[in-house]
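First up is the structure itself, then whatever we jot down about it.
Position 1 is the first residue of the sequence; numbering continues from there. The analysis underlying the following values was restricted to heavy atoms, covering all of them including side chains, and did not include hydrogens, waters or symmetry mates.
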Amino acid sequence: MELKQKVSITGLRTLSILDILLKGPASKKEISDILINNPQFKNISSEAIALDINTLKSAGFEIENLGKKENYRYKINWHPIKFKLTKTELKVLCNMKNAAIELSEPIFIIRLCNFLNKITKYIENDSDNELMNFQYFLNIDFELFMELYALTKRKKDVVLFYNSPHSGKKEIPIKLKEIKYNNSKLYLTGFSPDYPDTTVLRMDNILKVVKILRANENFNKAKIKTVCYKIKPDAKEKMNLLNEEKIILENKNFIKIEFKSDNDFTIIQRLLSYGGDLISIKNKDIKEKYLLKLAKIEKIYEGKE
């Protein structure tokens with residue numbers, strides 16, 4: 001029993017060292033400092049760590065000592081950990097990805113992207129192309145994405161360098177409100193003294209955060225608008241109700257929804273996302289803007305714009 005216990009502890013320690021090195025280069029001391037936090041390990045010597053690293057080498061891991069300039073850190077250059085995904089397994093992961101995106105919570109997208117980025121390194125077939133296909137997300141600098149997410153959670157006032165499709169590159173002061181996923185795109189919303197409405201910026205057009213403004217600078221908030229519209233009853237099976245939406249009437253002919261927003265652009269994008277499931281729009285001004293947007297889209301498809 002003692003022998004089995006000793007072997008299992010050695011195996012656990014070796015796997016723990018592997019986990020450390022897969023995250024990045026580490027010296028024997030750094031490895032020891034991490035392992036010592038685990039109560040399973042006691043009196044971890046540099047000789048034991050060296051033996052475990054040799055065990056990993058004999059198992060097929062290419063591990064290099066980076067020498068004195070890098071504090072004698074060990075680095076994994078190649079490893080034999082690979083697996084293949086069946087079509088069913090790939091479909092499950094892709095469905096999970098799509099479901100997380102549709103939840104509209106940016107932190108889920110960040111965590112999911114980081115998770116998939118890790119596991120695709122170990123996939124033998126070409127599944128990584130499909131798993132990492134985040135459509136518009138691929139054009140987003142994820143470090144900038146995470147920075148903006150953190151600033152948004154703290155409701156910071158910032159100046160952004162933005163590449164507008166219509167007016168070119170410019171600086172935009174904005175009080176950050178939230179990051180939302182809508183109609184296959186990510187948008188950053190907030191309040192800016194440059195615009196009367198709530199500002200909505202495409203995330204993939206944001207180039208950088210220029211600066212964080214002082215706390216005593218105030219921006220006026222836009223007024224909340226309530227919009228009512230009807231969709232087909234079977235649309236309920238495929239829609240995810242947003243926090244700003246609520247069903248106010250439902251029967252066999254239609255579902256009536258109330259949507260509150262401080263930005264017309266956000267409202268129009270939401271209505272467009274329903275496609276042919278949208279039956280009618282009650283608000284006259286929103287209906288006119290919606291029809292105008294549809295007409296522009298039609299011209300684009302016809303090559304007239």
Side-chain angles (χ1 to χ4, degrees), residues 101 104-114 117 132-225 242 244 261-273 286 288-290 292-305:
I101 291 170
S104 306
E105 178 56 47
I107 191 60
F108 293 144
I109 298 171
I110 292 171
R111 289 174 180 172
L112 184 64
C113 185
N114 290 336
N117 191 43
M132 293 307 296
N133 180 14
F134 277 69
Q135 299 174 17
Y136 288 91
F137 303 166
L138 290 177
N139 297 322
I140 296 173
D141 181 335
F142 258 73
E143 287 190 10
L144 176 60
F145 181 18
M146 288 187 281
E147 179 186 6
L148 285 169
Y149 177 74
L151 290 170
T152 300
K153 294 297 286 184
R154 293 155 58 195
K155 304 297 181 186
K156 286 292 185 179
D157 300 347
V158 301
V159 175
L160 300 178
F161 193 43
Y162 188 71
N163 186 16
S164 171
H166 304 293
S167 53
K169 296 177 181 179
K170 58 182 178 180
E171 292 187 357
I172 299 177
I174 181 172
K175 178 186 287 292
L176 299 175
K177 180 184 176 185
E178 62 183 340
I179 296 173
K180 295 288 287 183
Y181 173 80
N182 191 7
N183 207 12
S184 299
K185 301 176 183 67
L186 276 173
Y187 295 96
L188 176 70
T189 68
F191 312 106
S192 174
D194 294 353
Y195 304 95
D197 229 352
T198 295
T199 307
V200 179
L201 305 175
R202 276 265 299 268
M203 284 287 293
D204 50 325
N205 288 333
I206 300 173
L207 302 178
K208 66 177 180 178
V209 177
V210 178
K211 64 178 179 178
I212 300 173
L213 297 175
R214 295 189 301 272
N216 59 358
E217 296 186 51
N218 296 314
F219 297 153
N220 294 324
K221 292 186 177 181
K223 293 181 179 180
I224 300 293
K225 180 180 289 185
L242 301 177
E244 300 87 348
S261 177
D262 49 19
N263 183 268
D264 287 357
F265 176 80
T266 301
I267 296 170
I268 300 302
Q269 288 296 307
R270 180 56 173 169
L271 294 173
L272 288 170
S273 70
I286 292 296
E288 289 175 353
K289 291 180 180 181
Y290 172 79
L292 182 63
K293 185 66 175 180
L294 280 182
K296 287 185 177 181
I297 293 173
E298 184 180 9
K299 285 183 179 180
I300 291 172
Y301 277 105
E302 291 177 352
K304 295 180 181 179
E305 268 193 15

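- One finds the CG atom of Leu242 at 5.5 Å from the NZ atom of Lys180 (value rounded to the nearest 0.5 Å).
- Counting heavy atoms from C-beta outward, Leu186 and Ile179 have side chains that approach closer than 4.5 Å.
- With rounding to the nearest 0.5 Å, the separation of CD in Glu147 from CD1 in Ile206 is 10.5 Å.
- Nearest heavy atom pair, residue Thr152 against residue Glu178, reads CG2-CA, 3.3 Å.
- For the atom pair Asp157 CG and Leu176 CG, the distance stands at 7.5 Å (nearest 0.5 Å).
- Between Leu271 atom CG and Lys289 atom NZ the span is 12.0 Å, to the nearest 0.5 Å.
- Under the side chain to side chain contact (heavy atoms under 4.5 Å, CB included) criterion, Leu272 pairs with Asn183, Ile268, Gln269, Tyr290, Lys293, Leu294, Ile297, not counting sequence neighbours.
- For Tyr162, there are no ring-ring contact (aromatic ring centres under 6.0 Å, His included) partners, not counting sequence neighbours.
- Nearest heavy atoms, Pro173 versus Ser192: O-OG, 2.7 Å.
- Residues that satisfy the salt bridge (charged side-chain N to carboxylate O under 4.0 Å, His left out) test with Lys177, not counting sequence neighbours, are Asp262.
- The only member of Leu188, Leu144, Asp141 that meets side-chain contact (heavy atoms from CB on, under 4.5 Å) when paired with Met203 is Leu188.
- Rounding to the nearest 0.5 Å places OH of Tyr187 at 9.5 Å from CG of Asn205.
- Within 6.0 Å of the NZ atom in Lys208, the count of heavy atoms belonging to other residues, nucleotides or ligands does not exceed 12.
- Paired with Leu160 under the rule side-chain contact (heavy atoms from CB on, under 4.5 Å), one option of Leu151, Leu201, Val210, Thr199 passes, and it is Leu201.
- Not a single donor-acceptor pair under 3.5 Å links the side chain of Thr189 to the backbone N or O of Val200.
- Interatomic distance, CD of Glu171 versus CG of Leu207, reported as 11.0 Å (0.5 Å rounding).
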